[in-house]
Amino acid sequence: MIHTIENELLKISVDTKGAQLMSVWSKKTDTEYIWQGNPAYWTGRAYNLFPFIGRMYEGVFTYDGKTYPSRAHGLARYYEFALEEKTENSLTFLFTDNEETKKEYPFAFEFRVTFVLDGNALTTKYTATNKDGREMLCAFGGHPGINIPFGKGAFEEYYLDFGKKTDARRQLLGEGDLFMADKAVAYDLVDGVKLPLRHDLFDHDAIILENSSGEVSVRCDKESRYVTMKYDEYPFIGFWHACKTDAPYVCLEPWSALPAIDDKIVELESKPHMIKIAPNATASKSFTLEFHE
C-alpha cells in the first residue's frame with residue numbers, strides 16, 4: 001500500500017513493501033526526482049538496507065556456529081512493513097522478526113523507517129531495537145535512485161560535488177565485482193571535490209568511498225536545481241547504476257558497513273563495522289535529501 005505526505009514544496013510517496021520511497025515530486029517545478037523503476041535498467045527505487053549491506057560470499061554467513069542463507073542487502077527490502085504512525089509531516093513504518101526472518105537472521109528485532117518532510121528536505125531515519133536476549137549485530141544503509149537528468153543537460157554533464165576537498169579513499173571490489181577486496185586506495189576528485197558522471201563509471205558495479213565529506217550534491221552547470229544528500233552519520237557512501245548500461249539515474253547509498261570480502265565466508269561475530277546493540281537497546285542513523293530549486 002502506498003502512503004503519502006506533502007507540504008508546500010514536495011509530495012512524497014512510500015510503499016509498505018520494504019518501506020521503499022517511491023516518489024519525491026516537486027510541486028514548484030513538476031519534477032519527479034526519484035527513479036521510477038524502469039525494468040529495462042533496475043526495478044528498484046530506494047531500497048532500505050537492513051540488517052546487512054550488499055551480498056555475503058556464497059550467499060551465506062555463520063553465527064554462533066550455525067550457517068544462514070543471506071539475500072542481497074539483507075531482509076527489509078523483501079518484506080511488508082506496517083504503517084505505525086502518520087503525522088502531517090512524517091511516516092513511520094515497522095518491520096518485526098518472524099519465523100521466516102529467523103531462517104536468515106537469528107535475532108528478534110524491531111526495525112523502523114521514519115520519513116520526515118521539512119521544507120525542501122526529506123530525512124530518512126533507521127531505528128533498530130534488539131528484542132533478543134543477546135547482543136544483536138546489524139547494519140543500516142540507504143539506496144535512493146536520483147533521476148538524471150532532472151532538468152537541463154545530458155547525463156554526462158552532471159557531476160557529484162562533495163563541497164570541500166577531502167582525502168577520499170575508494171574501497172576496491174574483488175575480481176567478480178560483487179564483493180570487497182579488503183583494500184582501499186586514494187581516489188582523486190576533480191579539483192579535490194568533483195566526480196564527473198559517466199555511464200562507464202559503473203561498468204564494474206558501485207564506486208564505494210570512505211573519508212568523504214559527509215555531503216554530496218548532484219549538479220549540472222546548465223541547471224540551477226540540484227539535489228544534496230547529507231550522510232555524516234555513515235562512514236561509507238556508494239554510487240551506482242545498472243552496470244554496463246546508459247541508465248538515466250544514480251543511486252546515492254550511505255552505508256554503515258560493507259559487503260562481504262571476496263572468497264571469505266562471513267563470521268558475523270567478527271564482521272567489521274557492524275552496529276552492536278545490547279538487549280532491549282536501540283540504535284539509529286539518519287540521512288537527508290535536500291531538493292534545491
Side-chain angles (χ1 to χ4, degrees), residues 10 12 14 18-21 24 33-35 44-54 73-74 76-77 90 111-128 138-148 150 158-171 180 184 187 189 192-195 197 201-202 205-219 225-241 249-259 272-275 282-292:
L10 300 172
I12 73 160
V14 182
Q20 181 171 207
L21 179 66
V24 175
Y33 283 100
I34 297 298
W35 170 248
R45 300 192 189 190
Y47 296 150
N48 298 303
L49 314 184
F50 169 85
F52 306 126
I53 307 298
H73 291 315
R77 57 175 282 203
S90 71
F111 177 60
R112 289 175 172 84
V113 182
T114 299
F115 299 91
V116 179
L117 193 55
D118 182 12
N120 71 332
L122 174 63
T123 295
T124 302
K125 180 179 181 180
Y126 300 129
T127 303
C138 67
F140 302 146
H143 205 299
I146 305 299
N147 280 323
I148 301 178
F150 46 73
Y158 282 71
Y159 56 91
L160 303 176
D161 185 343
F162 291 88
K164 63 181 180 181
K165 292 185 178 181
T166 68
D167 296 320
R169 294 174 62 80
R170 182 176 183 178
Q171 285 280 344
M180 308 309 300
Y187 193 72
L189 301 170
V193 297
K194 294 181 182 180
L195 174 57
L197 290 175
L201 280 176
F202 310 106
D205 211 71
I207 294 172
I208 304 164
L209 302 182
E210 61 183 6
N211 296 339
S212 60
S213 64
E215 178 177 318
V216 65
S217 296
V218 182
R219 291 179 176 270
R225 289 174 287 176
Y226 62 98
V227 178
T228 298
M229 174 180 277
K230 296 182 177 179
Y231 58 93
D232 58 355
E233 296 183 15
Y234 292 83
F236 306 103
I237 182 76
F239 306 105
W240 175 85
H241 78 33
Y249 68 90
V250 166
C251 290
L252 310 180
E253 304 185 36
W255 292 353
S256 70
L258 294 170
H273 309 294
M274 297 299 284
I275 299 167
T282 64
S284 64
K285 289 185 182 295
S286 300
F287 64 87
T288 298
L289 287 168
E290 297 177 347
F291 302 90
H292 298 273

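Two residues are said to be in side-chain contact when any heavy atoms from C-beta on lie closer than 4.5 Å; V218 and Y226 fail this criterion. For the pair L258 and I208, the minimum side-chain heavy-atom distance is below 4.5 Å. Between T228 and E215 there is a side-chain heavy-atom pair separated by less than 4.5 Å. Side-chain contact check for W35 versus H241: every heavy-atom pair is 4.5 Å or farther apart. Between F239 and V216 there is a side-chain heavy-atom pair separated by less than 4.5 Å. With a 4.5 Å cut-off on side-chain heavy atoms, E233 and F287 do not count as touching. Side chains of K194 and L189 form no contact here, defined as non-hydrogen atoms less than 4.5 Å apart. Under the 4.5 Å side-chain criterion, counting only non-hydrogen atoms from C-beta, Y159 is not in contact with L195.
In this structure, CD1 in I146 is found 12.0 Å from OH in Y249, a value given to the nearest 0.5 Å. The line from CG of L160 to CG of L197 is 4.5 Å long, rounded to the nearest 0.5 Å. Distance check: S217 OG to M229 CE gives 11.0 Å after rounding to the nearest 0.5 Å. Interatomic distance, CZ of F202 versus CD1 of I207, reported as 5.0 Å (0.5 Å rounding).
Side-chain atoms of S212 and Y187 include no donor-acceptor pair closer than 3.5 Å.
With hydrogens and angles disregarded, a donor-acceptor distance shorter than 3.5 Å links the side chain of N147 to the backbone of I34. In this structure a side-chain-to-backbone donor-acceptor pair under 3.5 Å is present from Y126 to G141. The backbone N or O of R45 lies less than 3.5 Å from a partner atom in the side chain of Q20, making a donor-acceptor pair.
Between P51 and G74, the shortest heavy-atom contact is CD-CA, 4.0 Å. The shortest non-hydrogen separation linking W255 to I53 is CD2-CG2, 3.3 Å. Residue C251 comes nearest to E253 through the heavy atom pair CB-OE2, 3.6 Å, listed as atom of the first residue, atom of the second, then distance. Smallest separation of non-hydrogen atoms from N211 and R169: ND2-CD, 3.6 Å. Scanning all heavy atoms of the two residues, the minimum distance from T127 to S284 falls at OG1-CB, 3.5 Å. Residues N48 and G18 share a closest heavy-atom pair of ND2-O, 2.9 Å.
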V113/F140 under side-chain contact (heavy atoms from CB on, under 4.5 Å): CA gap, chis, key distance, verdict: CA-CA 10 Å; V113 182; F140 302 146; over 6 Å; no

Verdict with reasoning, V24 to L289, per side-chain contact (heavy atoms from CB on, under 4.5 Å): CA-CA 10 Å; V24 175; L289 287 168; 5.8 Å; no

Full working for side-chain contact (heavy atoms from CB on, under 4.5 Å) between L252 and Y231: CA-CA 10 Å; L252 310 180; Y231 58 93; over 6 Å; no

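Sparse packing is recorded around NZ of K230, with 12 or fewer heavy atoms of other residues, nucleotides or ligands lying under 6.0 Å away.
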List, one per line, each side-chain donor-acceptor pair under 3.5 Å for residues 115-125, sequence neighbours excluded.
residue, atom, partner, partner atom, Å
N120, ND2, F291, O, 3.3
T123, OG1, T288, OG1, 2.7

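Taking the six-membered ring wherever Trp is involved, the centroid distance between the rings of H143 and W240 falls below 6.0 Å.
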